[in-house]
S.K.: 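I am attaching a structure below and will ask some questions about it afterwards.
Keep in mind the model is a prediction, meaning the values are calculated, not measured. For this chain, numbers begin at 1 and follow the sequence in order.
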Amino acid sequence: MLERARRLLCQLQEVIRDRLIAARQRQSRSFARVAEVTAADTIYQIDKLSEDVLVAWLAKNWPKSWPIELIMEGLETELTFPLGTPLKETQWKLIIDPIDGTRGIMHDKRSAWAMAGLAPHRGARNHLGDIVVAAMTELPISKQWRSDQFSAVSGTGKVVATSTNVLDGKRTRLAVRPSSAKSFHHGFSTVSKFFPSAKEWLAKFEEDLWRELGESKPGAEPPPIFEDQYISCGGQIAEILLGHDLMVIDIRPEAFRALGLRHAGLTSHPYDLCIELLLREAGAVIERPQGGRLRDPLDTTSAVSWVGYANQHLARKVRPAIKRLLAKS
């Protein structure tokens with residue numbers, strides 16, 4: 001059943017990708033228009049397009065013997081499949097972000113990602129650690145011919161990865177190889193700071209972290225460490241899966257709390273991390289900043305902090321330093 005669910009989620013995301021590509025040719029200028037502002041996030045016109053496709057596909061294709069509750073930003077009321085199934089009769093929760101990285105793709109700057117995670121239904125007790133099937137598919141910009149896809153079933157120890165040529169539909173296998181590097185030098189490691197709010201706090205944390213790790217010293221040459229502000233959790237995780245990035249730290253909730261700011265819409269949410277299973281199945285590490293598995297509820301509003309490492313060695317090296325710095329903040 002779980003293997004079939006993995007394939008279904010991949011198919012759903014491919015439909016979203018293909019509809020998005022087709023629609024862009026007709027109405028690209030309207031993609032960036034604000035459609036709605038919710039407690040979870042700002043909803044743009046491009047988000048609405050993907051949501052309509054998603055609901056129609058689930059209504060037609062999701063197996064009737066696997067009743068699900070859909071968790072997704074922008075839903076005003078509970079939505080179950082088959083449509084009309086009483087919530088108490090659903091067996092699974094499907095948490096989806098149809099477009100993670102909206103701000104990049106709506107301006108045709110950088111790929112976004114369609115993401116989904118499936119978990120046995122446990123009511124309000126459900127958290128990210130319950131997800132047993134995860135999939136994400138790249139939504140490419142107009143000048144890009146390739147779309148990557150990653151998916152996994154919990155406990156298999158493998159990530160199924162393919163690359164699709166969106167021009168002719170040809171698929172090829174894709175290697176998933178998180179880096180085995182033991183040093184951060186000449187590699188990409190990022191503290192997420194996408195917005196003006198709290199950027200100074202986050203930049204200071206980043207400087208303090210490299211100093212704590214002995215990578216940055218007063219009067220010495222700056223360390224050869226690079227960053228990539230990819231404004232998409234899915235994109236950041238893909239970069240670790242492919243061996244491009246060594247570490248991503250997203251502690252925006254801690255920064256906002258330290259500064260007394262309320263910016264829940266400018267943080268990661270559980271639907272942004274519904275594919276964290278992929279990193280774990282690939283042998284990489286994803287956890288809370290202080291260590292330990294992500295246990296955030298499967299909702300659309302909780303602010304999530306997370307750290308992704310390419311390997312256990314880097315996690316062991318950095319984790320104590322992050323804990324010390326956060327304890328001082």
Side-chain angles (χ1 to χ4, degrees), residues 32 34 37-44 73 97 99-113 184-185 187-218 220-240 244-273 286-290 294 296 301-309 314 318-319 321-329:
V34 175
V37 178
T38 71
D41 206 349
T42 300
I43 310 298
Y44 295 93
E73 64 176 343
D97 192 349
I99 303 181
D100 179 60
T102 298
R103 293 164 178 87
I105 196 171
M106 72 185 185
H107 291 293
D108 208 24
K109 287 175 61 65
R110 193 167 188 179
S111 294
W113 295 79
F184 292 101
H185 283 205
F188 280 86
S189 298
T190 300
V191 175
S192 296
K193 41 187 181 295
F194 309 125
F195 306 102
S197 298
K199 183 168 287 191
E200 183 178 358
W201 190 98
L202 291 163
K204 184 178 185 304
F205 173 90
E206 184 175 24
E207 290 183 354
D208 291 345
L209 177 63
W210 295 125
R211 193 172 296 117
E212 186 89 0
L213 293 171
E215 301 285 359
S216 179
K217 299 177 182 178
E221 288 290 324
I225 297 169
F226 320 127
E227 70 169 7
D228 178 11
Q229 294 293 325
Y230 194 164
I231 190 167
S232 163
C233 292
Q236 291 174 318
I237 287 173
E239 294 296 276
I240 296 176
H244 300 162
D245 286 12
L246 301 174
M247 178 176 68
V248 175
I249 300 173
D250 188 347
I251 53 169
R252 285 174 287 165
E254 281 78 4
F256 293 148
R257 281 196 293 269
L259 296 171
L261 302 175
R262 294 185 178 181
H263 285 305
L266 300 183
T267 65
S268 295
H269 300 95
Y271 54 81
D272 295 307
L273 277 305
I286 184 166
E287 61 185 29
R288 296 182 295 116
Q290 298 86 354
L294 299 181
D296 303 272
T301 56
S302 295
V304 181
S305 298
W306 64 281
V307 183
Y309 304 97
L314 296 178
V318 178
R319 186 184 298 123
I322 292 179
K323 291 174 67 174
R324 288 193 296 269
L325 289 174
L326 289 180
K328 297 176 185 177
S329 62

S.K.: Report yes if the side chains of Q290 and L326 come closer than 4.5 Å at any heavy-atom pair, otherwise no.
M.R.: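 With C-beta onward as the side chain, the pair touches.
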S.K.: Rounded to the nearest 0.5 Å, how far does CD1 of I237 lie from CH2 of W113?
M.R.: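 It is 10.5 Å, given to the nearest 0.5 Å.
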S.K.: What is the minimum heavy-atom distance between P270 and D296, and which atoms define it?
M.R.: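 That closest heavy-atom pairing would be CG-CB, 4.4 Å.
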S.K.: Taking D228's backbone N and O only, do any of them form a donor-acceptor pair with T190's side chain (distance below 3.5 Å, no angle check)?
M.R.: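 Flag set: sc T190 to bb D228 pair under 3.5 Å.
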S.K.: Measure the NZ-CG distance between K204 and L325 for me, rounded to the nearest 0.5 Å.
M.R.: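 Reported to 0.5 Å precision, the distance equals 8.5 Å.
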S.K.: What's the separation between atom CD in E287 and atom CG in L294, rounded to the nearest 0.5 Å?
M.R.: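 Here the rounded value is 8.5 Å.
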S.K.: Would you check if the side chain of D250 reaches a backbone N or O of S192 as a donor-acceptor pair within less than 3.5 Å?
M.R.: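 Answer holds: no.
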S.K.: For a quick test of reading the model, state the closest non-hydrogen atom pair linking A255 to W201 and the distance between them.
M.R.: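 What the structure gives for the nearest pair is CB-CE3, 3.3 Å.
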S.K.: Quick one: salt bridge (Lys or Arg N to Asp or Glu O under 4.0 Å) partners of R288, sequence neighbours excluded?
M.R.: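 Listed in chain order: nothing, the list is empty.
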S.K.: Considering residues at least two apart in sequence or located in another chain, which fulfil the ring-ring contact (aromatic ring centres under 6.0 Å, His included) criterion with W210?
M.R.: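 Once residues adjacent in sequence are excluded, the partners of W210 under the ring-ring contact (aromatic ring centres under 6.0 Å, His included) criterion are F184.
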S.K.: Does one side chain, of E239 or Y230, offer a donor that lies under 3.5 Å from an acceptor on the other?
M.R.: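 No, no side-chain donor-acceptor pair sits under 3.5 Å.
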S.K.: I need the minimum non-hydrogen distance between P289 and I322, along with the two atoms involved.
M.R.: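 Where P289 meets I322 most closely, the heavy atoms are O-CG2, 3.4 Å.
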S.K.: Checking D272 side chain against C233 main chain: does a donor-acceptor pair fall under 3.5 Å?
M.R.: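 Looks like no, no N/O pair under 3.5 Å.
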S.K.: Of the non-hydrogen atoms in I249 and V307, which two are nearest, and what is the gap between them?
M.R.: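 So the minimum-distance heavy-atom pair works out to CG1-CG1, 3.9 Å.
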S.K.: Is it the case that the side chain of S232 and the backbone of A112 share a donor-acceptor pair, with hydrogens and angles ignored and the cut-off at 3.5 Å?
M.R.: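 Not at all, since once roles are kept as given, no pair shorter than 3.5 Å links the two residues.
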S.K.: Quick one: closest heavy-atom pair of T267 and A303, and the distance?
M.R.: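 Heavy atoms of T267 and A303 come nearest at OG1-CB, 3.5 Å.
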S.K.: If you round to the nearest 0.5 Å, how far is CG of D100 from OH of Y271?
M.R.: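 So the gap between those two atoms works out to 8.5 Å.
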S.K.: For E227, check salt bridge (Lys or Arg N to Asp or Glu O under 4.0 Å) against everything at least two apart and list the hits.
M.R.: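 Testing E227 for salt bridge (Lys or Arg N to Asp or Glu O under 4.0 Å), a comparison that skips the adjacent residues, returns K193.
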S.K.: Using ring-ring contact (aromatic ring centres under 6.0 Å, His included) as the criterion, list what pairs up with F188, not counting sequence neighbours.
M.R.: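 Applying ring-ring contact (aromatic ring centres under 6.0 Å, His included) to F188 gives F226.
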S.K.: Check side chain to side chain contact (heavy atoms under 4.5 Å, CB included) between I231 and all other residues, then give those that pass, not counting sequence neighbours.
M.R.: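 Listed in chain order: R103, F194, F195.
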S.K.: Under 6.0 Å from the NZ atom of K199, do we count more than 12 heavy atoms belonging to anything else shown?
M.R.: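 Result for NZ/K199: enclosed.
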S.K.: Not counting sequence neighbours, which residues clear salt bridge (Lys or Arg N to Asp or Glu O under 4.0 Å) with E254? List them please.
M.R.: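 By the salt bridge (Lys or Arg N to Asp or Glu O under 4.0 Å) rule, E254 matches R257.
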S.K.: With rounding to the nearest 0.5 Å, note down the distance linking CG in L202 to CD in E207.
M.R.: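 Spacing of CG (L202) from CD (E207) equals 11.5 Å.
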S.K.: Could you tell me whether a side-chain N or O of Q229 sits under 3.5 Å from a main-chain N or O of V191, the two making a donor and an acceptor?
M.R.: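 A pair under 3.5 Å: yes.
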S.K.: Can you tell me how far the CD1 atom of I251 sits from the CD atom of E206, to the nearest 0.5 Å?
M.R.: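 If I round to the nearest 0.5 Å, the distance is 9.5 Å.
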S.K.: Would you indicate whether the side-chain heavy atoms of L314 and M247 approach each other to under 4.5 Å?
M.R.: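 No, side chains not in contact.
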